[in-house]
Enquirer: 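One structure is given below, represented as structure tokens, and several questions about it will come after.
Counting from 1, the numbers follow the sequence of the chain as shown.
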Amino acid sequence: MAGLVVSGTQVSFIGQDCREIPEHLGRDCGHFAKRLDLSFNLLRSLEGLSAFGSLEELILDNNLLGNDLVLPGLPRLHTLTLNKNQITDLECLLDHLAEVTPALEYLSLLGNVACPNELVSLEKDEEDYKRYRCFVLHKLPNLKFLDARKVTRQEREEALLRGSFMKVVKPKASSDRITASPENHYTPLPAASRDLTNHRGVLGKCRYVYYGKNSEGNRFIRDDQL
């Protein structure tokens, strides 16, 4: 098979532009593979990975995997790298990994929006990344390495104390339309105010109120008119 490299229990299928895991890959290699490298493809789905039930290492860097990523139960998997994919929902991913990869010790998410560092945004700094690590370790306390950096004892202790508070909450998108409540119903100005030849004063309800130091009218009187 073109592009397939097998060395003992290690299987590599790199840079083949495949959008899904080929069925024959699982059929031919799934029963013995302990390390599977599928990096530099176009994967959006991991359907077919269930054939690799004995995996211990899974490399999925540089693909198109997003928040709908679904892994089968992989009880022996201790290493998972998802660098440079399209994952934005960190909590959803971590909850899923806690369920299907109980033996996970090494996780790398660099290059995803879910991993806040300068690789994805210049607005992120080291403090953002520290909070991210704290939250990940709160969700996956058995990790020994996160993003190529060893988990320290201090980080583990902090995750126990504060990890649950490190969740990043995204504000809900506000609607462009503002619906006035019944008690704050505003009416348009009377029709007389639209007549350019009619200079009579008119009354109407206004949405905005001026609270400046001076009266609203006096702000527009010049010195030579006093």
Enquirer: Is there side-chain contact between V151 and R156, with at least one heavy-atom pair below 4.5 Å?
Expert: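 Sidechains of R156 and V151: in contact.
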Enquirer: Can you name the ring-ring contact (aromatic ring centres under 6.0 Å, His included) partners of F40, sequence neighbours left out?
Expert: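 Applying ring-ring contact (aromatic ring centres under 6.0 Å, His included) to F40 gives none.
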Enquirer: How long is the straight-line distance from CG of L94 back to CD of E99, given to the nearest 0.5 Å?
Expert: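 Answer rounded to 0.5 Å: 13.0 Å.
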Enquirer: Go through L90 and L109 one step at a time and tell me if the side-chain contact (heavy atoms from CB on, under 4.5 Å) criterion holds.
Expert: CA-CA 10 Å; L90 180 61; L109 300 173; 3.9 Å; yes
Enquirer: Residues sharing F145's hydrophobic cluster, by side-chain heavy-atom contacts under 4.5 Å among ILVMFWY, directly or via others?
Expert: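 Result for F145 is Y106.
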Enquirer: Could you give the distance from NE2 (H96) to CG (L71), rounded to the nearest 0.5 Å?
Expert: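 Rounded to the nearest 0.5 Å, the NE2-CG separation comes to 4.5 Å.
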Enquirer: If you define the side chain from C-beta out and look only at heavy atoms, does anything of F13 sit under 4.5 Å from I21?
Expert: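 The answer is no; the side chains never approach within 4.5 Å.
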Enquirer: With sequence neighbours left out, write down each residue that passes side-chain hydrogen bond (donor to acceptor under 3.5 Å, both in side chains) with N142, or none if nothing qualifies.
Expert: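 For N142 there are no side-chain hydrogen bond (donor to acceptor under 3.5 Å, both in side chains) partners, ignoring immediate neighbours.
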Enquirer: Evaluate side-chain contact (heavy atoms from CB on, under 4.5 Å) for V6 paired with D28, printing each intermediate quantity in order.
Expert: CA-CA 11 Å; V6 178; D28 297 340; over 6 Å; no
Enquirer: Any side-chain to backbone donor/acceptor pair from N85 onto L82? Under 3.5 Å, distance only.
Expert: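 Yes; at least one donor-acceptor contact below 3.5 Å.
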Enquirer: Can you find a heavy atom in the side chain of F32 that is under 4.5 Å from one in the side chain of V11?
Expert: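 Yes; the side chains approach each other to less than 4.5 Å.
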Enquirer: Who are the side-chain contact (heavy atoms from CB on, under 4.5 Å) partners of P75, not counting sequence neighbours?
Expert: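 With sequence neighbours excluded, P75 shows a side-chain contact (heavy atoms from CB on, under 4.5 Å) to no residue whatsoever.
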Enquirer: Any pair with a residue in residues 30-50 that passes salt bridge (charged side-chain N to carboxylate O under 4.0 Å, His left out), sequence neighbours left out, goes on the list, sorted by first then second residue, please.
Expert: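 Salt bridge (charged side-chain N to carboxylate O under 4.0 Å, His left out) check on residues 30-50 returns R35-E57.
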Enquirer: Hey, could you give me each pair passing salt bridge (charged side-chain N to carboxylate O under 4.0 Å, His left out) that has a residue in residues 138-151? Not counting sequence neighbours.
Expert: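 Listed by first then second residue: E91-K139, D95-K139, E105-K144, E126-R149.
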Enquirer: Can you tell me how far the CD atom of E158 sits from the NE2 atom of H138, to the nearest 0.5 Å?
Expert: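 The NE2 atom of H138 is 13.0 Å from CD of E158, to the nearest 0.5 Å.
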Enquirer: If every non-hydrogen atom of A33 is compared with every non-hydrogen atom of F52, which pair is closest and at what distance?
Expert: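 Looks like CB-CD2, 3.8 Å.
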Enquirer: With sequence neighbours left out, what residues match E127 under salt bridge (charged side-chain N to carboxylate O under 4.0 Å, His left out)?
Expert: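 Scan of E127 (salt bridge (charged side-chain N to carboxylate O under 4.0 Å, His left out), adjacent residues dropped) gives K130.
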Enquirer: With a 4.5 Å heavy-atom cut-off, do L104 and L74 have their side chains touching?
Expert: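 SC-SC contact between L104 and L74 ruled out.
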Enquirer: Flag the pair E155 / T152 as yes when at least one side-chain heavy-atom distance between them is below 4.5 Å, and no otherwise.
Expert: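 The answer is yes, as the side chains (C-beta and beyond) meet within the 4.5 Å cut-off.
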Enquirer: What is the distance from atom CD of Q16 to atom CG of L4, rounded to the nearest 0.5 Å?
Expert: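 The CD atom of Q16 sits 9.0 Å away from the CG atom of L4.
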Enquirer: For Y132 and L146, which heavy atoms make the closest approach, and how far apart are they?
Expert: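 Minimum heavy-atom separation between Y132 and L146: OH-CD1, 3.8 Å.
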Enquirer: Rounded to the nearest 0.5 Å, what's the gap from SG on C29 to NE2 on H31? Could you check?
Expert: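 These two atoms lie 7.5 Å from each other.
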Enquirer: Would you say R19 has more than 12 foreign heavy atoms packed within less than 6.0 Å of its CZ?
Expert: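 No, not enclosed.
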Enquirer: Take L107 and T79 through the test side-chain contact (heavy atoms from CB on, under 4.5 Å) and record every step on the way to the result.
Expert: CA-CA 6 Å; L107 175 65; T79 298; over 6 Å; no
Enquirer: Run the side-chain hydrogen bond (donor to acceptor under 3.5 Å, both in side chains) test against E157 and tell me which residues pass, sequence neighbours left out.
Expert: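 Listed in chain order: R153.
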Enquirer: Throw together a table of side-chain donor-acceptor distances under 3.5 angstrom for residues 59-70, partners on residues two or more places apart or in other chains.
Expert:
{"unit_1": "D61", "atom_1": "OD1", "unit_2": "T81", "atom_2": "OG1", "d": "2.9"}
{"unit_1": "D61", "atom_1": "OD1", "unit_2": "N83", "atom_2": "N", "d": "3.0"}
{"unit_1": "D61", "atom_1": "OD1", "unit_2": "N83", "atom_2": "ND2", "d": "3.4"}
{"unit_1": "N63", "atom_1": "OD1", "unit_2": "N41", "atom_2": "N", "d": "3.3"}
{"unit_1": "N63", "atom_1": "OD1", "unit_2": "L42", "atom_2": "N", "d": "3.4"}
{"unit_1": "N63", "atom_1": "OD1", "unit_2": "L43", "atom_2": "N", "d": "3.0"}
{"unit_1": "N63", "atom_1": "ND2", "unit_2": "L38", "atom_2": "O", "d": "3.1"}
{"unit_1": "N63", "atom_1": "ND2", "unit_2": "L60", "atom_2": "O", "d": "3.1"}
{"unit_1": "N63", "atom_1": "ND2", "unit_2": "D61", "atom_2": "O", "d": "3.2"}
{"unit_1": "N67", "atom_1": "OD1", "unit_2": "T88", "atom_2": "N", "d": "2.9"}
{"unit_1": "N67", "atom_1": "OD1", "unit_2": "T88", "atom_2": "OG1", "d": "3.4"}
{"unit_1": "N67", "atom_1": "OD1", "unit_2": "D89", "atom_2": "N", "d": "2.9"}
{"unit_1": "N67", "atom_1": "ND2", "unit_2": "T88", "atom_2": "OG1", "d": "2.7"}

Enquirer: In terms of hydrophobic clusters joined by side-chain contacts under 4.5 Å, are Y129 and F135 together?
Expert: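 Yes, Y129 and F135 fall within the same hydrophobic cluster.
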Enquirer: Please report the interatomic distance CG(L143) to CG(L140), rounded to the nearest 0.5 Å.
Expert: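 Between atom CG of L143 and atom CG of L140 there are 5.0 Å.
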Enquirer: Which atom names give the shortest non-hydrogen contact between D128 and P116, and what distance separates them?
Expert: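 In this case the closest contact between D128 and P116 is O-CG, 3.7 Å.
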